[in-house]
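Below is one structure; the comments refer to it alone.
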2 protein chains.
Amino acid sequence: MIEDIFKKITEEYSNISAEAMYDWSEKIKIVAYKKRDILVKEGAYSHKFYYIIQGALKAYYRSDDKKITDWFALENDFIPSTTDPIHGRPSSHTIEVLEDSTLVTLDHDDLEALCKKHHDFEHLYRIILSKVIYQLRERIASLQFRTVQQRYDSLIDLYPKIESRVPLGDIASFLGITQETLSRIRASK
Amino acid sequence: MIEDIFKKITEEYSNISAEAMYDWSEKIKIVAYKKRDILVKEGAYSHKFYYIIQGALKAYYRSDDKKITDWFALENDFIPSTTDPIHGRPSSHTIEVLEDSTLVTLDHDDLEALCKKHHDFEHLYRIILSKVIYQLRERIASLQFRTVQQRYDSLIDLYPKIESRVPLGDIASFLGITQETLSRIRASK
DNA sequence: ATAAGAATTTGATTTGGATCAAAACTTTGT
DNA sequence: ACAAAGTTTTGATCCAAATCAAATTCTTAT
């Protein structure tokens, strides 16, 4: 099982030595979570790195008492750290489980230690971050000038089944619109 | 001069060995560019990594014949690669010089080679990317639910003198609004 | 120094999506 | 299986920002 996951990750991003893989496997945990479990609470310093084997998560923060969802993660996605890497402030985000999920978790400190010990592991992680940057830029493009309809369509493109797995309110929030507007867009199809 | 730049970068992000620094210094070029010079053209495969010593750049892409600016870089900023790291497609962005500028340039291939040769260099680069991710998430937060006025204010906060250095149309585009709206916001102060 | 072209401002009008309110449907726990 | 709570839909109204249009100011090249 673990082998399959490692294989999937390293094939997609970058290969690592058997040694690095062994050390990595020592540190990760595979954990099952239940719907509505909170993985990270706003304000917490501890932050793990999550990879989703099966299930769905969201990350949100609070602004004017509204919960704003700005990241979903489904199968084979990562949830990257939300903290400022330079100043090391606490997490501004809460990460919540949206459906019963199986995750690979790795402590932030262990991740740093693996990066320090194994050059190839740090390389792998660097490539993963490059991918995250690319995704974030896509998302900015989407928010910057596309219509609500276009943004909705590309989300469905990326996650075809998200509608049945994630509450409409969270999807609306992610798209930067109200629930009512999303409901109407959906109805017009 | 080069020493000052290296010092600035490594102090802010992460230290590297004298050896890595030497190899790095062999590969970079310090180049002066003129206003309106194009550093990277949409569709190009070659992509350098830029660090701005003095001056200002913008990155934009085209959508429905409009130029959409989605990144500014001023002194001490980086322009990260805009290409998909996994699939290696050509750049979707054009990078243009906004005022006479002095830049540090590093070829993408040299950057990769330095990362491969020196673990500490790859570490430095990884930390830089983490910072970029943090900035991008801030920007998404800004676009997702803040009012135009709030977005404008935080841009001025980040780059106090941007108004006099960057055309209004580009700033408007970056904020995801029209020129006219930005002009009115400005007038209301 | 001046004309041509760019960039910015100002004005009038329209519109996409927000807000407020309430009804209909779904999920959850006992 | 049912009540209570949570989610989604539908309706009416309003407003921030877009669009279209034209006037003004700033830049640049000759």
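Sequence lines set the chain letters: A, B, ... in the order given, protein chains first and strands last, and positions in each chain run from 1. Remember, predicted model here, so these are calculated numbers, not experimental data.
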* To do: Check each of A:Y51, A:Y13, A:F49 against A:Y125 using the ring-ring contact (aromatic ring centres under 6.0 Å, His included) test, and report the only one that passes.
  => A:F49

* Asked: Below 6.0 angstrom between ring centroids: does that apply to B:Y50 and B:F78?
  -> no

* Can you tell me how far P of D:dG6 sits from NZ of A:K67, to the nearest Å? -> 11 Å

* Structure fact -> B:K35 atom NZ is separated from D:dA29 atom P, nearest whole Å, by 10 Å

* **Atom pair distance, as rounded to whole Å: CG in B:D100 and P in D:dT27** => 15 Å

* Checking salt bridge (Lys or Arg N to Asp or Glu O under 4.0 Å) against B:E99, which of B:R165, B:K58, B:K161, B:K35 comes through? -> B:R165

* **Atom-to-atom span, CG of B:L98 to C1' of C:dA7 - whole angstrom** => 14 Å

* Asked: Between atom CZ in A:R186 and atom P in C:dC25, what is the gap in whole Å?
  -> 15 Å

* Asked: Does NZ or CZ of B:R151 lie under 6.0 Å from the centre of the six-membered ring of B:F174, at an angle within 45° of the ring axis?
  -> no

* Within this structure, what is the CD1-to-P distance between B:I68 and D:dA18, rounded to whole angstrom? -> 12 Å

* Structure fact -> With the side chain defined as heavy atoms from C-beta on, B:S183 is closest, among C:dT10, C:dT28, D:dT8, to C:dT10

With 3.5 Å as the limit, what N/O pairs link the protein to nucleotides 17-22 of chain C?
from: C:dG17; atom 1: OP1; to: A:V148; atom 2: N; distance (Å): 3.3
from: C:dA18; atom 1: OP1; to: A:T178; atom 2: N; distance (Å): 3.4
from: C:dA18; atom 1: OP2; to: A:T178; atom 2: N; distance (Å): 3.3
from: C:dA18; atom 1: OP2; to: A:T178; atom 2: OG1; distance (Å): 2.9
from: C:dA18; atom 1: OP2; to: A:T181; atom 2: OG1; distance (Å): 2.4
from: C:dT19; atom 1: O4; to: A:R184; atom 2: NH2; distance (Å): 3.3
from: C:dC20; atom 1: N4; to: A:E180; atom 2: OE2; distance (Å): 3.1

* Structure fact -> Between NZ of A:K34 and P of C:dG29 the distance, given in whole Å, is 11 Å

* Asked: Considering the options A:I95, A:L39, A:V132, which one meets the side chain to side chain contact (heavy atoms under 4.5 Å, CB included) requirement together with A:I79?
  -> A:I95

* Length of the line joining A:L168:CG and C:dA24:P, which is rounded to integer Å -> 19 Å

* Determine the sole option in A:W71, A:Y60, A:Y61 for which the ring-ring contact (aromatic ring centres under 6.0 Å, His included) test with A:H93 is passed. => A:Y61

